[in-house]
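Notes follow once the structure below has been shown.
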Number of protein chains: 2
Amino acid sequence: MTTTEHSGSGDISRSLELLWGTGERPSRGPKPGLTLERIVTAAIAVADAEGLAAVSMRRLSAELGTGTMSLYRYVPGKAELLDLMLDQVQSFDPDAHAVDLGWRETLEMVARGAWQLYERHPWLLQVDQARPLLGPNAMAGLEFALRGLDGLGLTDRERIHVIVTVDGFATGVARTHLNSVMAEKRTGVSDAEFWKAHAPVVEKAFAGGRFPMQAALGEDAFTGRGEDVFEFGLGSLLDGIGAFIAARARDTAEK
Amino acid sequence: MTTTEHSGSGDISRSLELLWGTGERPSRGPKPGLTLERIVTAAIAVADAEGLAAVSMRRLSAELGTGTMSLYRYVPGKAELLDLMLDQVQSFDPDAHAVDLGWRETLEMVARGAWQLYERHPWLLQVDQARPLLGPNAMAGLEFALRGLDGLGLTDRERIHVIVTVDGFATGVARTHLNSVMAEKRTGVSDAEFWKAHAPVVEKAFAGGRFPMQAALGEDAFTGRGEDVFEFGLGSLLDGIGAFIAARARDTAEK
DNA sequence: ACTCACTGGGTACACCGTACCCAATTACGA
DNA sequence: TCGTAATTGGGTACGGTGTACCCAGTGAGT
């Protein structure tokens, strides 16, 4: 049993200070035996290996060999820790930003980047990303996307719309896909077994005649891989966005 | 602090029995003073009003005026309760299914239906929907979508891909939108205040010259409403899917 | 040497899901 | 009619959670 942890519940400016590392060491008192980074890294490692539910303050302190309450000397609370985990995990190869790509390649990278990120850290889907604090890594990603959409005649707001749309799509499909993968890992019940359990109830429902479309569906309809759905949807979405961009280009050409 | 609750963690066939209501009352023993439906309804009401985090067995029992452990006479555990909440909340006007719509209208209804569902019950985004148990309402929704995509020359798997894509898109964008709305409600910090807190740190980052695109962004770039992003993205996505369907139609015509 | 900001961390509290009991209730078999 | 078996109601208790509150120990500044 787990719950989507709320990030950003704590003191915002405190979290930002931690994110951007503006804290100076005070001159008095003993030197800290821990670092923020070690705590965040340990938390991510635990989340990757055992899921977000396994990340508790007691568990982390055990992992780091300290007292539980010592962690609160570095992080105001668990919510802020999640903020920090979010930003750290979003760091990616800065070389990828160097190249100037076309809009389609850029958006494909945005979508595939999000997909791979979720694949690597499925627990991200469990974190309430409502208001991800603007960390350095998040800003770098946005900058990359904006540059790829530059010079197409789109307004600022339209560029943001496009980016949020592509990211939302990737997130939504990744959620469906990865939740299923995680469910299997967690419960030990494979997809096949899961659907097998449904068989009796589904057959009874089909017999009622209320679901002719589903009854007529072939066996293989549901066996598609999540990646295929993602690629199909991404292609369609970008085709549609391409049409929008082309229309914009025609508008500006007329003027 | 909250966590995405895992549905489907419990005994699957037990949950299915509850979903499809195949349980007969045993002849002996006292009559139950509660019903499954009352429990599920109360749980949904609490989740709607105060979020998923407020839904605890103790809280529900208080709401219903019973002992906490009595709930376990009706529901195997909290995971199964979530399964039931999921299906109950997905019920919609059966009349909407009566009409036969074109593929675009159908997919628009699927997407808008999902969007409105999340708007009404934002906590749905917190529930792990990896493997939603096939309840009667979920099946009705899928049936509706499949019918709208009938006769277009798509394979079974392609129709499923289209539906998952559209649903994933709606879910992803709704997540971004509603998490922001919920964050405001929960923390009392408005979007404006939230971004204001970022100002000093963002300005310092801009001064570094690493983010020229974001620095050049107009004030209004981020003030767009979530609904606008949704409508923009939905339009583009359906345009793209339309192109795919048209290409398929040409294929079959050639044969 | 004294002071005092600082770090480390133990204890305690309020909450959670739920395993395990036992008492009260009800209908069937004798 | 009277056990008796099945079923419901629910109290208690356990192991988990985040974290408020303290106090002891550290080490640089005066």
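Convention: sequence-line order gives letters A, B, ...; per-chain numbering from 1. It should be emphasised that the depicted structure is a prediction, and the values quoted were computed from it without experimental measurement.
- With sequence neighbours left out, B/Arg112 forms a salt bridge (Lys or Arg N to Asp or Glu O under 4.0 Å) with B/Glu108, B/Glu231.
- In the interface, the side chain of A/Arg58 is paired with the base of D/dG18 through a donor and an acceptor atom under 3.5 Å apart.
- Which of C/dT26, C/dA12, C/dC16 sits closest to the side chain of B/Pro30 comes down to C/dT26.
- The side chain to side chain donor-acceptor pair (under 3.5 Å) search around A/Arg225 returns A/Asp228, not counting sequence neighbours.
- Here the C1' atom of nucleotide D/dG16 and the CE atom of B/Met57 are 17 Å apart, to the nearest Å.
- The side-chain contact (heavy atoms from CB on, under 4.5 Å) search around A/Ser70 returns A/Thr66, not counting sequence neighbours.
- Dense packing is recorded around CD of A/Glu227, with more than 12 heavy atoms of other residues, nucleotides or ligands lying under 6.0 Å away.
- Applying a 4.0 Å cut-off to non-hydrogen atoms, the residues of residues 59-68 of chain B that approach DNA chain D are B/Thr66, B/Gly67, listed by residue number.
- The side chain of B/Pro32 lies closest to D/dT8, out of D/dT8, C/dT7, C/dT18.
- One atom, CG of A/Leu71, and another, P of D/dG18, lie 10 Å apart when rounded to the nearest Å.
- OP1 or OP2 of C/dG8 sits under 4.0 Å from a side-chain N or O of A/Tyr74.
- Listed by first then second residue, pairs satisfying side chain to side chain donor-acceptor pair (under 3.5 Å) with a partner in residues 50-60 of chain A read A/Glu50-A/Arg59, A/Arg59-A/Glu63, not counting sequence neighbours.
- Within the 3.5 Å criterion, the main-chain N or O of A/Gly77 finds a donor-acceptor partner in the side chain of A/Glu80.
- In this structure, A/Lys31 atom NZ and D/dA28 atom C1' are separated by 9 Å, rounded to whole Å.
- Under the side-chain contact (heavy atoms from CB on, under 4.5 Å) criterion, B/Ala170 pairs with B/Ala111, B/Ala114, B/Phe230, not counting sequence neighbours.
- Of the candidate nucleotides C/dT18, C/dA27, D/dG18, C/dT18 has the atom lying nearest to any side-chain atom of B/Met69.
- Going from atom CG of A/Leu52 over to atom P of D/dG18 covers 10 Å, rounded to whole Å.
- Rounded to an integer number of Å, the gap from CZ of B/Arg73 to P of C/dT25 is 15 Å.
- In this structure, B/Leu81 atom CG and C/dT18 atom C1' are separated by 14 Å, rounded to whole Å.
- Of the side-chain N and O atoms in B/Lys78, none sit less than 4.0 angstrom from OP1 or OP2 of C/dC16.
- A sub-4.0 Å separation between OP1 or OP2 of D/dG10 and a side-chain N or O of B/Ser70 is present.
- B/Ser56 comes within 4.0 angstrom of sugar-phosphate atoms only, judged by non-hydrogen atoms across all strands, and of no base.
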